[in-house]
Amino acid sequence: MLKIILLLLPGVVSAEWNVNYPPPICAARGSDATIGCNFTYPQGQQVQKLLWCSMTSNHDKCYNKPYVYDSEANNNQSNFQYIGDKTSDCSLLISNINQTHSGDYKFRFITSEHSWTGNPGVNILVHDLRVSMSRSRENGSTIVGDSLNLTCTLKCGDLAEAQWFKNGDLIQQSDPVLTFSRVTAQDSGNYSCSLRNFKTTVSEEFTIYIEDVAGSPAVLIIVVSFFSLVFIAAAVMLISRKKVSKSMEEREEAQDSLYSTLQKTADAVYSTITN
Ligand SMILES: *[C@@H]1O[C@H](CO)[C@@H](O)[C@H](O)[C@H]1NC(C)=O
Ligand SMILES: *[C@@H]1O[C@H](CO)[C@@H](O)[C@H](O)[C@H]1NC(C)=O
Ligand SMILES: *[C@@H]1O[C@H](CO)[C@@H](O)[C@H](O)[C@H]1NC(C)=O
Ligand SMILES: *[C@@H]1O[C@H](CO)[C@@H](O)[C@H](O)[C@H]1NC(C)=O
Ligand SMILES: *[C@@H]1O[C@H](CO)[C@@H](O)[C@H](O)[C@H]1NC(C)=O
Ligand SMILES: *[C@@H]1O[C@H](CO)[C@@H](O)[C@H](O)[C@H]1NC(C)=O
């Protein structure tokens, strides 16, 4: 009866025992994850102890140790920092997070009269950043002139921004997609991405090799074969002309001219290839 009356008088009713957790958190390995959290309890009580536990190492309502944070202990795990207060904010900061920190966490607090553990807890997922590629030519090698995109991805969530490195040097700082509308041989290299201003989250390197078709062996062979054909044709023409000519002098002349033509053509081929 008394309870019903109290419920009908908002403002008079004191807060219930409760802990509010955020939705599951997706974090990149190497980043800092903040678990925003708040808690309530009946008025007039003093909070004496604040605890955070991991369901990986603890169970149920974390009645006992171990805790990842214990306001009365002096051996808190170095990655876990309580950034809340003793009255309503139970936020926790996990710095330099990695896959071993994935899992469920619960907040527990003890007042002068009672203790409370908030269920169901908060879930944290940690993944490595990765570089993925999409390109205009699906199969085979990437060649000069193709368009391709590199995207910085996190398996458990979307990235608003990222920074890009080529062979370890920062090249771009904002967009999670690196766009190449027409690749050139100079775009070959090892690419990686990280969260902006968070080099500790850097992904594995992704190697792009752009085949320089103009300088490829296949093209060299075609060029050389073409000029060889021109040689042979020129030689055949000169030799047949030589047969027609009667005098030895003319023959020698023709031979000289054949050699010089061959020499000039060879020079031309050489400079075409080297340029
Ligand atoms: C308490 O936490 C919940 C869930 O994170 C949030 O929706 C709410 O706004 C918070 N309340 C306050 C007063 O911070
Ligand atoms: C653990 O946290 C408590 C409360 O913030 C603090 O008094 C204590 O110094 C911390 N211990 C370490 C080793 O950081
Ligand atoms: C994750 O971080 C903890 C604490 O810093 C460290 O002991 C552990 O070796 C790390 N694990 C991996 C897989 O990097
Ligand atoms: C690259 O991204 C741009 C813009 O996001 C898109 O228009 C284009 O189709 C993408 N190209 C490839 C090869 O995926
Ligand atoms: C790419 O390769 C796959 C399987 O190897 C094939 O089914 C597909 O037709 C190829 N696409 C093109 C554009 O050649
Ligand atoms: C890219 O990475 C590969 C393998 O890790 C390495 O052999 C190569 O030298 C790297 N290239 C550059 C330009 O750093």
Side-chain angles (χ1 to χ4, degrees), residues 25-35 52-58 65-70 73-83 92-105 122-156 158-196 198-213 215:
I25 293 173
C26 166
R29 195 250 322 125
S31 67
D32 293 348
T34 302
I35 307 172
W52 270 97
C53 56
S54 162
M55 290 298 108
T56 311
S57 55
N58 212 315
K65 286 196 277 193
Y67 298 105
V68 293
Y69 172 78
D70 178 342
N74 54 11
N75 61 343
N76 314 320
Q77 287 191 31
S78 59
N79 300 66
F80 296 85
Q81 194 188 341
Y82 191 76
I83 54 169
L92 185 73
L93 173 72
I94 310 179
S95 45
N96 194 18
I97 201 165
N98 70 30
Q99 277 79 347
T100 61
H101 300 125
S102 286
D104 293 325
Y105 291 84
V122 57
N123 179 255
I124 297 187
L125 278 165
V126 184
H127 285 287
D128 277 321
L129 286 182
R130 289 197 191 287
V131 175
S132 69
M133 177 173 75
S134 71
R135 54 187 186 139
S136 50
R137 183 193 311 275
E138 280 178 27
N139 297 345
S141 55
T142 306
I143 62 174
V144 170
D146 282 356
S147 78
L148 66 84
N149 292 341
L150 294 183
T151 307
C152 192
T153 62
L154 187 57
K155 201 174 164 189
C156 55
D158 291 328
L159 296 177
E161 45 181 33
Q163 58 188 11
W164 286 95
F165 303 89
K166 181 183 178 186
N167 301 326
D169 297 327
L170 182 66
I171 52 164
Q172 205 233 64
Q173 204 172 9
S174 60
D175 204 329
V177 183
L178 194 58
T179 304
F180 301 85
S181 44
R182 277 183 55 84
V183 288
T184 67
Q186 283 74 43
D187 292 323
S188 294
N190 296 325
Y191 290 82
S192 55
C193 66
S194 77
L195 293 189
R196 217 172 150 195
F198 245 114
K199 188 78 201 280
T200 43
T201 60
V202 73
S203 69
E204 274 191 359
E205 288 194 322
F206 186 96
T207 303
I208 298 185
Y209 174 69
I210 289 119
E211 208 169 303
D212 189 358
V213 173

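Just follow the structure's listing: the first ligand is 1, and inside any ligand the first atom is 1. Computed over heavy atoms, backbone and side chain alike; hydrogens, waters and symmetry mates excluded.
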> How far apart are the closest heavy atoms of Val122 and Trp52, and which atoms are they?
Replying inline: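 Here Val122 and Trp52 meet closest at CG1-CZ3, 4.1 Å.
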
Considering only heavy atoms of [X], which atoms of ligand 4 have at least one such atom less than 4.0 Å away?
X	answer
Ser134	12 (C), 13 (C), 14 (O)
Ser136	13 (C)
Ser147	13 (C)

> For Ile210 and Thr184, what are the C-alpha separation, side-chain angles and deciding distance, and is it a side-chain contact (heavy atoms from CB on, under 4.5 Å)?
Replying inline: CA-CA 7 Å; Ile210 289 119; Thr184 67; over 6 Å; no

> Are Asp187 and Thr142 close enough that some pair of their side-chain heavy atoms sits under 4.5 Å apart?
Replying inline: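 The answer is no; the side chains never approach within 4.5 Å.
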
> Counting each atom of ligand 3 from 1 as listed, which ones have a heavy atom of His101 under 4.0 Å away?
Replying inline: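 Near His101, meaning under 4.0 Å from one of its heavy atoms, ligand 3 has 2 (O).
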
> Which ligand 3 atoms does Thr100 reach within 4.0 Å, using its non-hydrogen atoms?
Replying inline: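 Counting atoms of ligand 3 from 1, those under 4.0 Å from Thr100 are 1 (C), 11 (N).
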
> Does a donor on one side chain sit under 3.5 Å from an acceptor on the other, for Thr153 and Thr151?
Replying inline: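 No, no side-chain donor-acceptor contact under 3.5 Å.
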
> For Thr207 and Asn190, does a side-chain donor sit closer than 3.5 Å to a side-chain acceptor?
Replying inline: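 Note: Thr207 and Asn190 side chains meet the donor-acceptor criterion.
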
>> Does the plane of the ring in Tyr82 sit parallel, tilted or perpendicular to the ring in Tyr69? Use 30° and 60° as the thresholds.
In response: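 Parallel, since the angle between the ring planes stays under 30°.
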
[atom] within contact range, any protein heavy atom under 4.0 Å:
atom	answer
atom 14 (O) of ligand 6	yes
atom 7 (O) of ligand 3	no
atom 11 (N) of ligand 6	yes

> Got the closest protein heavy atom to atom 4 (C) of ligand 4, with its distance?
Replying inline: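 Its nearest protein heavy-atom neighbour is Asn149 ND2, 4.6 Å.
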
> So with a 6.0 Å cut-off around CZ of Arg135, is the heavy-atom count from everything else above 12?
Replying inline: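 Enclosed.
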
> Can you tell me if CD on Glu204 sees more than 12 non-hydrogen neighbours from other groups inside 6.0 Å?
Replying inline: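 Not buried by this count: 12 neighbours or fewer within 6.0 Å.
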
>> If I apply the N/O under 3.5 Å rule, does Glu205 come out as touching ligand 6?
In response: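 Glu205 vs ligand 6: no N/O contact under 3.5 Å.
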
>> Considering Asn167, Ile208, Asn190 one by one, which has a heavy atom nearer to atom 2 (O) of ligand 6 than any of the others?
In response: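 Minimum heavy-atom distance to atom 2 (O) of ligand 6 goes to Asn190.
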
> Looking at ligand 3, does any of its N/O atoms fall within less than 3.5 Å of an N/O of Asn98?
Replying inline: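 Indeed, backbone or side chain, Asn98 has an N or O that close.
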
> How far does CZ of Arg29 sit from CD of Gln99, to the nearest 0.5 angstrom?
Replying inline: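 So the gap between those two atoms works out to 6.5 Å.
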
> So which bit of Asn79 gets within less than 4.0 Å of ligand 3, heavy atoms only: side chain, backbone, both or neither?
Replying inline: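 The answer is the side chain.
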
